[in-house]
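First up is the structure itself, then whatever we jot down about it.
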There are 2 protein chains.
Amino acid sequence: MRPSARRTTLADIAQAAGVSVATVSKVVNGRGDVAPRTRARVQELLHHHDYLAPVFRHTESVESPTIEVQFKGGLKSYVAETLEGIVDAASELGASVVISKASHAPHWARDLVSAGRRAVIAVTSVYTAAHLNELARSGLPLVVLDPLHLPDSRVNSVGATNFAGGLAATQHLLSLGHRRVAYLGGPAMAVCNQARMHGYRAAMEAGGAQVPEGYVRPGEFTHETGLLGAAALLDLQEPPTAIFAGNDEIAVGVIEAARNRGLRVPEDLSVVGFDDTSLAQMSSPPLTTVRQPLREMGGAALRTALRLANGEKVESHHIELATELVVRASTAPPPEEPPEHG
Amino acid sequence: MRPSARRTTLADIAQAAGVSVATVSKVVNGRGDVAPRTRARVQELLHHHDYLAPVFRHTESVESPTIEVQFKGGLKSYVAETLEGIVDAASELGASVVISKASHAPHWARDLVSAGRRAVIAVTSVYTAAHLNELARSGLPLVVLDPLHLPDSRVNSVGATNFAGGLAATQHLLSLGHRRVAYLGGPAMAVCNQARMHGYRAAMEAGGAQVPEGYVRPGEFTHETGLLGAAALLDLQEPPTAIFAGNDEIAVGVIEAARNRGLRVPEDLSVVGFDDTSLAQMSSPPLTTVRQPLREMGGAALRTALRLANGEKVESHHIELATELVVRASTAPPPEEPPEHG
DNA sequence: CTGAAAGCGCTTACAG
DNA sequence: CTGAAAGCGCTTACAG
């Protein structure tokens, strides 16, 4: 950026601030012997002029900016596929990708800047207001993938059309003739889960189907939730003939639970997942699921991060990529005589 | 390293070479107007004194060396878990991890050095002699995880005891009473696959069991190989009562193939996998498999890479971490009356 | 081809 | 708390 402009030097700042170069140097190096007001004025000017200390100039290398991707918990399929999209886009655009587990040690944001990072992409990480403030102070742009909280205009985020996905999954089940459809989801607090669940509710309502007490269960995005949650659902007095699972892992657990009690999928119970990770194709039977374009989402996050790193404005602080229903073999019309009284 | 020593400056080199600082500066910056012999002498001294241009000094930051992890193909569970181990170890030791898809563009090794990388870890990548030469010239240390080729003393590598794992898996099946045990593996050229297969052969021989024609099949490390390979094995005149699969994905495909023809696992067919990725626990039935300590392998690779980056010697250019049989629910004694003539 | 000299961006010990 | 001055590491236009 600013191709022909000379780098800002300490002398420029000194002149603008009406102090000596020495004083500016002290501010830059965090020396103690500077009056607070002088320091504040100089800092303001440094920031305004985009001054960059020599040690960090490599940070500038426009050819290969470095983006840090932070994740929380394990590198599950879902995260891994997103990461692939990030890495592919970075390679195309000549950027480098550093990965780390999210850690919010003191000065973490400043440390990232010193290490030459130009932006942060967070996958499944949680940021508090304090974190966001430290980030803002450090000037590091943040892009959140699949945000856990509702879009805050201070935060740029990339997600998928979870509501539409939940709607499509449920409509698919209704159109097969199911009426007793349950939703077995992830954490109640997670926005993506809420959106999927409300898509489910919207479809049920539009289709004139009841959502009985106990037909909506939150949990974790894990196989275990599928196993346990499905057992609970199938124990209901009026058990569902179809279960829409919050993600593929839950769906595979549901299939396992069904098998454990001698129910066949899809003849006795239909199951729909969410994500379309590699698990969906390896499931037995192969899973009908809502595809999230994880690679594309990763790519979009990387491109947004780079644009922000370049000081460009972004049209919208949140974008959602389209989900798509993928019909495989885990869904079918409900049994003639639905299994009775668990 | 060299804690108290002052950085080498152009002046040091100039004095040692008996030329002016200006001339040394020209050599460093690749200017044309220097006599070849002068240039050579100065370059020699620069190298000998470990001179580092200011632009690349960030490369030095001993506190946070950057290691590049290159992978080939997708970020499958297997690679993702290894990567987790690398990231955890790096975080412990204060190193940064850059990930990228393996690319061998011209000057790739030199470019990595300029970008400040201190070592390369390759996961499932293939290196030719030319690549190794370019690496050696650039001075970048390389650690290969799960090497595809036989250990070459120029290359440092980390693997698992694949032979012992193959032996343990097969002995487990033999001890359950199986005699007709087949091996459905990955690429015939991959060393890890060969080792697993020879472990299988060794156990069969020690147990006095035949390995009939067609009982050893190579393939890919994919679900599809499991599906197709198992179908072929079960079509044999004397089909196996147990299949040892080269990895968990293949094993899940085998279970699917068995189910497709009405065989129950483990009652009619026992299946053992390899890796113990998350897939193994989510499989139905949960998979008996040989655990590779993938996280630990990643950690060992990172530590080796850092030691090499620090110029330390490493005791052995190849280390193998122990595998361990994990018995779950996909193995059982063979049926009384083995399924006849496919 | 070489290097003395001027100059740049920055830091720091020290006088006020 | 401030800044003039000395100094460091490096680069470059130019004289030889």
Supply the atom-to-atom distance [X] [atom1] to [Y] [atom2], rounded to the nearest 0.5 angstrom.
X: B:Cys192; Y: B:Asp146; atom1: SG; atom2: CG; answer: 4.5 Å
X: A:Phe71; Y: A:Leu145; atom1: CZ; atom2: CG; answer: 13.5 Å
X: A:Thr277; Y: A:Lys76; atom1: OG1; atom2: NZ; answer: 9.5 Å
X: A:Leu302; Y: A:Glu92; atom1: CG; atom2: CD; answer: 9.5 Å

Inset, instruction - Using atom types as modelled and distance alone, determine if a side-chain donor or acceptor of B:Ser316 lies under 3.5 Å from a backbone N or O of B:Ile319. - result: no
Legend entry - Side-chain (B:Arg118) to main-chain (B:Ala309) donor-acceptor, under 3.5 angstrom: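 Between the backbone of B:Ala309 and the side chain of B:Arg118 there is a qualifying donor-acceptor contact (under 3.5 Å).
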Legend entry - Summary of side-chain hydrogen bond (donor to acceptor under 3.5 Å, both in side chains) pairs that have at least one residue in residues 295-305 of chain B, sequence neighbours excluded: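 Pairs touching residues 295-305 of chain B that pass the test: B:Glu84-B:Arg295.
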Inset, instruction - Can you sort out which residues in residues 36-47 of chain B have a heavy atom within less than 4.0 Å of DNA chain C? Ascending by number, please. - result: B:Pro36, B:Thr38
Inset, instruction - Could you check which residues of residues 18-28 of chain B get a heavy atom under 4.0 Å from DNA chain C? Sort them by number, please. - result: B:Val19, B:Ser20, B:Ala22, B:Thr23, B:Lys26
Inset, instruction - Taking side-chain hydrogen bond (donor to acceptor under 3.5 Å, both in side chains) as the test, write out the residues that go with A:Gln292, two or more places apart. - result: A:Asp275
Legend entry - Start and end of the DNA chain D segment that chain A contacts, any atom under 4.0 Å from a heavy atom: D:dC1 to D:dA4
Inset, instruction - Sticking with atom C1', work out how far C:dG7 lies from C:dG3, rounded to a whole angstrom. - result: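 Per the computed distance, 16 Å lies between those C1' atoms.
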Legend entry - Residue that, paired with A:Val69, satisfies side chain to side chain contact (heavy atoms under 4.5 Å, CB included) out of A:Val79, A:Thr82, A:Leu83: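 With A:Val69 as partner, side chain to side chain contact (heavy atoms under 4.5 Å, CB included) holds for just one option, A:Leu83.
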Inset, instruction - Using a 4.5 Å cut-off on heavy atoms from C-beta on, say whether the side chain of A:Leu45 contacts that of A:Tyr51. - result: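 Side-chain contact under 4.5 Å: no.
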Inset, instruction - Describe, in one word, how the ring planes of A:Tyr127 and A:Trp108 are oriented to each other, choosing from parallel (under 30°), tilted (30 to 60°) and perpendicular (over 60°). - result: tilted
Legend entry - Base-pairing string, 5' to 3', of DNA chain D - Watson-Crick or wobble, under 3.5 Å, | interstrand: |||.||||||||.|||
Legend entry - Distance-only side-chain donor-acceptor flag, A:Arg117 / B:Ser96, under 3.5 Å: yes
